Amino acid sequence: MSGELITLYVTAIVLVAVTGLYYLLVTTSLIRAVIGLELVTKSITLGLILAGRLTGKVGLGQALAITLIVVEVVVLVVAVGLILLAHRHTNKVDTRDLRSIKG
Amino acid sequence: MNDAIVEIAMLVTFVLMALWAVLATKLLRAVVALAATSVLVTLLLFRLDSPLAAVFELSVCAGLVSAIFLGAITLTQPENEAEVAVSAKERIRRYWYLPPLLLLLGVALLQVALPDVPTTAAAADDVRKVLWTSRHLDLLGQITVLVAGAFGVIVLFKEARKNER
């Protein structure tokens with residue numbers, strides 16, 4: 001794998017992670033926030049596999065990526081459960097309407 | 001040479017799909033873009049000799065996650081178009097500097113020259129060996145997270161049902 005290709009991989013991974021973080025920052029919709037989180041985890045998955053490949057530990061990279069995917073799905077399911085619960089209370093899925101948990 | 005071009009095309013499409021997921025005004029389109037991002041990650045994982053992680057990514061992230069998102073959107077029907085337009089304008093006004101910053105970051109990262117790294121062939125049973133012998137704590141952690149998630153969902157919906165009465 002050439003240095004230029006590795007640079008491209010790293011650039012794509014960082015750009016997608018920053019895009020996801022940007023989305024988390026700017027959005028007020030809870031569902032869109034979860035989409036931002038998903039983008040971050042996707043780039044991290046790719047980063048783990050790339051790191052495993054570059055260090056010659058493909059198995060370890062895959063094991064960690066599989067662990068990350070499992071954790072990602074559980075986080076997503078619980079987040080969607082919370083969103084549905086918030087929707088039952090406020091009839092909206094907007095962070096600006098969740099005043100009752102503000103400190 | 002051709003392999004490198006295919007890989008570069010996949011990486012560019014990966015970034016473009018992620019941007020589409022962020023920029024799409026309709027939530028359904030954002031979810032479709034997210035599923036497409038997952039498919040591209042799967043293809044890239046296959047290129048990096050990680051078939052097991054790729055299959056996990058495709059079945060769980062492109063399939064199950066999209067289905068969960070579609071269910072959530074159908075159950076909540078969160079925004080109408082006027083609300084989306086207003087919040088998009090507000091977002092652009094507040095965070096106008098972030099997209100140029102992202103572009104600058106991309107250009108700066110492309111200037112960083114990384115050394116050539118010899119690639120290694122993946123052994124077919126490598127990941128299984130790692131999971132069952134050296135990383136069994138990870139497996140225990142995964143089981144705990146899954147159980148915690150299942151209990152979390154049960155508790156959340158139980159509360160919701162109680163409140164409905």
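Only heavy atoms go into these numbers, but all of them, side chains included; no hydrogens, no water, no symmetry mates. Note on naming: letters A, B, ... go to the chains in the order of the sequence lines (proteins, then strands), and numbering restarts at 1 for each one. None of these values were measured; they are calculated from a predicted model.
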Side chain to side chain contact (heavy atoms under 4.5 Å, CB included), that's the test. Do K42(A) and V16(A) meet it? Break it down for me. CA-CA 8 Å; K42(A) 270 177 214 328; V16(A) 173; 5.5 Å; no

T27(A) versus chain B, heavy atoms under 4.5 Å apart: side chain, backbone, both or neither? both

Cut-off 4.5 Å, heavy atoms of chain B, and the answer for L68(A) is neither

Nearest 0.5 Å, please: how far is [atom2] in [Y] from [atom1] in [X]?
X	Y	atom1	atom2	value
Q62(A)	L45(B)	CD	CG	8.0 Å
L27(B)	T74(B)	CG	OG1	10.5 Å
L48(A)	L60(A)	CG	CG	9.0 Å

Is there a path from F151(B) to V70(A) through hydrophobic residues (I, L, V, M, F, W, Y) whose side chains come within less than 4.5 Å of each other? no

Is there a side-chain contact between I8(B) and L5(A), using heavy atoms and a 4.5 Å cut-off? yes

Measure the shortest side-chain to side-chain distance between C61(B) and E72(A) over non-hydrogen atoms and say whether it is less than 4.5 angstrom. yes

With respect to chain B, which residue among [options] yields the maximal number of heavy-atom pairs within a distance under 4.5 Å?
options	value
V10(A), V75(A), V34(A)	V34(A)
V73(A), N91(A), I35(A)	I35(A)
V80(A), L76(A), I13(A)	L76(A)
L8(A), L30(A), V71(A)	L8(A)
L82(A), I66(A), V78(A), I83(A)	I66(A)

Tell me which of these, V41(B), V31(B), V65(B), T37(B), has more heavy-atom pairs under 4.5 Å with chain A than the rest. V65(B)

Of L34(B), L75(B), L139(B), the largest count of non-hydrogen pairs under 4.5 angstrom with chain A goes to L34(B)

Using non-hydrogen atoms and a 4.5 Å limit, figure out which bit of L103(B) sits close to chain A: side chain, backbone, both or neither. neither

